[in-house]
Every structure is written in C-alpha cells, then in structure tokens.
Amino acid sequence: METIVEKLSGKKDKEILQQAAKIIKRGGLVAFPTETVYGLGADGLKEEAAKKIYAAKGRPSDNPLILHIAERSQLEQIVKRIPQKAERLMEAFWPGPLTIIFEKSENVPYTTTGGLDTVAVRMPNHAEALAFLKEVQTPVAAPSANTSGRPSPTKAEHVLEDMQGKIEMILDGGEVGIGIESTIIDITSAIPMILRPGFVTQEMLEEVIGKVMIDPAVQGGVKEKERPKAPGMKYRHYAPKADLTIVEGKLSKVILKINELAAQKVSEEKKVGIIATEETKKFYKNGLVKVIGTRMEEKTIAKHLYGILREFDEAEVDIIFSEAFSEKDFGQAIMNRLEKAAAHHKIHA
Ligand code: TXA
Ligand code: MG
C-alpha cells in the first residue's frame with residue numbers, strides 16, 4: 001500500500017478532508033493531527049476497521065481505543081448515559097485534551113474497547129481534526145499513530161516513519177501544540193479517577209467536579225500486580241531504543257552527576273545522549289546534547305519530549321541521561337511519560 005501524505009494549509013483542505021473521510025468510511029486508516037499527538041484513525045463503530053488499527057500499530061488487542069467526535073450530538077449514540085459530572089467536564093474542557101470514560105452503548109464494538117463495557121471519548125481542540133471528524137460523521141477510533149512501544153508522533157514525519165506502507169493517508173498539520181497525550185478520567189466510579197495524567201491537571205478537574213483521585217498505578221510505576229485501569233498504561237510505552245536514565249536532585253548536582261556518568265560511558269566507547277534545557281546546556285562537556293525546552297515554561301518540555309527521543313534513536317545513541325523536571329501541575333504528566341520512557345530507571349544525584 002502506498003501511504004499518501006497530504007499537507008493541510010487552508011486552500012485545498014476541504015477536498016483533502018473529503019477524500020480522507022471517504023477512506024475512513026470504506027474501512028481504511030488515516031492518521032491526523034490533534035492538539036496532543038497524531039492519531040491513527042479508523043471507523044470506530046466498525047469492527048473490521050478497528051482491527052486494522054491494532055494490526056498497523058502492532059498493538060495488543062486488550063488495549064482499548066479512544067473514540068474521537070466533533071459534536072456533542074455524536075456522544076449519545078456511543079454511551080449508555082451521560083452523568084452530571086461528565087456534563088460539567090465537557091462544558092469546561094471540550095474541545096480539548098481530556099478523554100472521558102463512559103459506559104458504552106451497544107453501537108460500540110468490543111474490538112474498539114478492548115473487550116471492556118466502557119468507552120473512552122474525546123473531542124480534540126484542533127481545527128483540522130474537527131473538520132475531518134465532521135466530514136467523517138461517525139466516531140473515529142484513534143490511538144496515537146506510532147508503532148506500539150515507540151514514542152507518540154508529534155509531527156507527520158514521525159507518523160510516516162512508523163506507518164509508511166501500512167495506512168492509506170497521513171494528514172500533515174505540522175507540529176502539534178501540546179506534545180503528550182490527553183488526560184484520561186474515569187467518571188464511572190464513585191469518585192472520578194485520573195487514569196492517565198495530561199495537560200488537564202487534577203487541580204483543574206477538581207475545580208469543576210470536586211474530589212478526583214489518581215490511579216495509584218500511574219505514580220507507583222507499573223508493576224505486574226498493580227493493574228492500571230487504563231490497560232495501555234501497563235505497557236512500556238514511549239520508549240527510545242537506547243537505555244534512558246533520569247537523574248534527579250538539586251540541579252547543580254544533577255549536572256555534575258550527568259557529566260560524570262557521560263564521561264565514564266564515553267570512555268567505554270559508548271555513544272551518549274543528554275537531555276538538557278536552555279538553562280543547562282552549556283554545562284555539559286560530553287555526548288550529544290539536545291535541548292528539550294526551557295525550565296521557565298514546562299509546555300516547551302512537553303512539546304519536544306517525544307521528538308527528542310526519536311532524534312536520539314536516529315542518532316543511534318547507546319545510552320541517554322536526562323535531567324528530571326518539576327512534577328508540579330502539568331509537570332506530573334511530563335514526568336509520567338519520561339519515567340515510562342526510562343522504564344522507571346531514576347537515580348539521585
Ligand atoms: O491525546 C490522546 O489521547 C491521543 C490522541 C490521538 O487523541 N490518543 C491516545 O490514544 O493517546 P492511545 O490509544 O495511545 O491511548 C489510549 C489510552 C490507553 O492507555 C488505553 O488503555 C486507555 O486510553 N483507554 C481507552 N479506553 C479505555 C477504557 N474504556 N477504560 C480505560 N482505559 C481506556
Ligand atoms: Mg499511545
């Protein structure tokens with residue numbers, strides 16, 4: 001199969017989006033940009049179409065997909081009921097980077113939900129994504145458009161790297177805005193629970209619906225016994241090919257420690273990568289140093305995290321050292337992804 005890449009720029013978008021929608025309606029696969037990461041879309045209500053997503057990604061079939069919608073009216077056909085708390089969350093955060101778990105209706109096949117009786121739904125805050133979803137009409141199932149286990153794609157080029165020859169079309173909307181996946185909240189339990197941290201933080205959610213818990217599996221690291229409620233959180237995700245170690249502690253000590261470890265690895269003839277920030281890059285003496293963003297603005301760090309992991313793959317480094325970042329607010333989501341990429345390998349400087 002030849003994968004067509006279509007650049008979205010305004011002028012011919014309508015035509016391109018119509019063509020993309022046709023592919024989905026025929027049961028094919030189209031990758032599209034959202035404000036978080038690129039998604040790999042298929043008709044979420046057709047079992048055969050959803051199956052193709054698992055095949056293209058090499059994704060375990062017990063890992064459910066998120067249904068993407070463009071209009072509130074599309075929700076009624078896919079969920080059993082809409083709780084009050086969900087109403088308030090949608091009012092506050094949709095369209096936006098918040099995925100809500102509902103009880104599913106009969107219209108949603110178990111292939112889409114990985115066998116669960118619940119369904120994850122999101123309305124992305126991205127003009128082209130919304131235009132595409134409107135054109136398709138039916139809810140579009142879309143996981144991140146990466147090969148299972150690789151970092152999520154934040155640019156169309158990343159999607160092409162992983163999906164060339166496996167999907168019909170990639171809609172290229174340039175680099176995404178946020179860079180890490182949506183927050184997932186389950187409101188089917190008595191106290192709503194965050195299953196995956198993201199741009200919408202616990203504090204932001206609590207302002208709207210009161211007490212919200214965080215699935216203990218999110219923070220504790222993913223041990224076999226601790227079954228996360230979002231099945232996808234149990235897999236080693238977002239991983240670069242090289243071993244990644246996070247160094248935490250006082251920043252001046254972190255820099256010293258990374259320099260020491262990097263020098264040692266270089267002397268062993270290993271190719272070393274370092275994840276630094278605007279503020280710290282000048283202090284590193286060894287290895288391939290890449291700036292992830294600035295500590296003054298954590299958004300810049302989120303936006304470049306996955307791209308940098310892919311760049312290190314391309315540079316074929318053997319080992320990567322990363323500074324740790326603040327875990328406050330949005331930082332919790334950033335560190336959650338970085339720690340998963342590091343398979344929870346963290347040392348104190
Ligand atoms: O930002 C995002 O959410 C992106 C863009 C493309 O929208 N999508 C995304 O999808 O990150 P994916 O498939 O990579 O991650 C979906 C996560 C998985 O961890 C999955 O286990 C969880 O959502 N999930 C989906 N349905 C669920 C359900 N019914 N109950 C619990 N977890 C669910
Ligand atoms: Mg994913």
Side-chain angles (χ1 to χ4, degrees), residues 29-42 44 50 53-54 56-70 78-80 93-105 108-126 129-130 132-133 139-154 158-159 162 171 173 176-189 192-200 215 217-218 222 227-239 302 306 333 336-337 340-341:
L29 301 179
V30 176
F32 62 99
T34 79
E35 80 279 38
T36 56
V37 299
Y38 273 76
L40 178 56
I53 291 181
Y54 291 94
K57 278 181 65 88
R59 177 173 176 123
S61 61
D62 69 344
N63 191 0
L65 310 172
I66 296 174
L67 286 182
H68 293 68
I69 58 174
I78 52 179
V79 305
K80 239 189 200 154
F93 300 109
W94 279 11
L98 179 70
T99 296
I100 305 176
I101 309 280
F102 295 88
E103 288 169 57
K104 82 171 192 71
S105 79
V108 183
Y110 281 112
T111 314
T112 296
T113 68
L116 298 174
D117 288 314
T118 52
V119 62
V121 188
R122 169 164 126 76
M123 187 188 288
N125 185 19
H126 188 285
L130 288 171
F132 165 62
L133 294 170
V140 171
S144 49
N146 51 286
T147 300
S148 205
R150 291 211 74 201
S152 296
T154 53
H158 300 158
V159 180
D162 286 11
L171 297 172
V176 300
I178 293 180
I180 63 178
E181 306 84 348
S182 61
T183 305
I184 302 179
I185 187 165
D186 184 355
I187 40 109
T188 64
S189 51
M193 182 142 74
I194 295 173
L195 307 187
R196 179 174 73 182
F199 184 78
V200 178
D215 184 355
V218 166
V222 192
R227 287 201 136 207
K229 282 197 76 190
M233 296 294 277
K234 74 172 177 265
Y235 299 106
R236 185 184 173 206
H237 255 105
Y238 325 118
Y306 290 141
N336 170 262
R337 304 310 195 276
K340 290 190 77 173

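Every number for a ligand or one of its atoms is a count from 1 in the order of the listing.
For atom 12 (P) of ligand 1, the candidate residues are Ser182, Gly115, Pro143; the nearest heavy-atom contact is made by Pro143. For atom 8 (N) of ligand 1, the nearest non-hydrogen atom from the set Pro97, Ala142, Gly39 belongs to Ala142. Looking at Val121, Ile184, Asp215 and measuring to atom 17 (C) of ligand 1, the nearest heavy atom belongs to Ile184.
Residue contact annotation: Asn63 has a non-hydrogen atom under 4.0 Å from ligand 1. Between Lys104 and ligand 1 there is no heavy-atom distance shorter than 4.0 Å.
The shortest N or O to N or O distance between Thr36 and ligand 1 is under 3.5 Å. On a distance-only criterion, Lys57 and ligand 1 share no N/O pair closer than 3.5 Å. Checked by distance only, ligand 1 and Ser144 come closer than 3.5 Å through their nitrogen or oxygen atoms.
Taking every heavy atom of Lys229 and a limit of under 4.0 angstrom, the matching atoms of ligand 1 come to 31 (C), 32 (N). Counting atoms of ligand 1 from 1 in the listed order, those under 4.0 Å from a heavy atom of Leu116 are 28 (C), 29 (N), 30 (N). Numbered from 1 in the order shown, with element, the atoms of ligand 1 that lie under 4.0 Å from a heavy atom of His68 read 5 (C), 6 (C), 7 (O). Close contacts of ligand 1 with Thr118, meaning ligand atoms under 4.0 Å from a residue heavy atom, involve 28 (C), 29 (N), 30 (N). Heavy-atom contacts of Glu181 reach the following atoms of ligand 1: 1 (O), 2 (C), 11 (O) (cutoff under 4.0 Å). Interface of Arg122 with ligand 1, defined as ligand atoms under 4.0 Å from a residue heavy atom, comprises 1 (O), 2 (C), 3 (O), 5 (C), 7 (O).
Counting heavy atoms from C-beta on, the side chains of Thr154 and His158 come closer than 4.5 Å. Inter-residue side-chain proximity for Pro197 and Val218 is flagged as met; some heavy-atom pair is nearer than 4.5 Å.
Contact record, Ala145 with Ala31: CB-CB, 4.3 Å, taken as the closest heavy-atom pair. In this structure, His68 and Ala142 approach most closely via the heavy-atom pair CE1-O, 3.1 Å. The two residues Gly179 and Val37 come nearest to each other via the heavy atoms O-CG1, 3.8 Å. Considering every non-hydrogen atom in both Leu65 and Ala141, the closest pair reads CD1-CB, 3.8 Å. Between Leu29 and Ala42, the shortest heavy-atom contact is CD2-CB, 3.5 Å.
A salt bridge does not link Arg122 with Glu181: every distance from a Lys NZ or Arg NE/NH1/NH2 to an Asp or Glu carboxylate oxygen is 4.0 Å or more.
Side-chain contact annotation: Ser152 with Arg337, donor-acceptor N/O pair under 3.5 Å absent. Side-chain contact of Asn63 with Tyr54: a donor-acceptor pair under 3.5 Å is absent, judged by distance alone. Using modelled atom types, one finds no donor on one side chain facing an acceptor on the other under 3.5 Å when comparing Thr118 with Thr188.
Look at Ser144 and the Mg ion (ligand 2): an N/O/S atom of the residue is under 2.8 Å from the metal.
Contacts of Arg59 with ligand 1, taken as heavy-atom pairs under 4.0 Å, involve the side chain alone. The side chain of Leu195, and not its backbone, has at least one atom closer than 4.0 Å to an atom of ligand 1 (non-hydrogen atoms only; side chain from C-beta on). Counting heavy atoms closer than 4.0 Å to ligand 1, residue Ile66 contributes side-chain atoms (C-beta onward) but none from N, CA, C or O.
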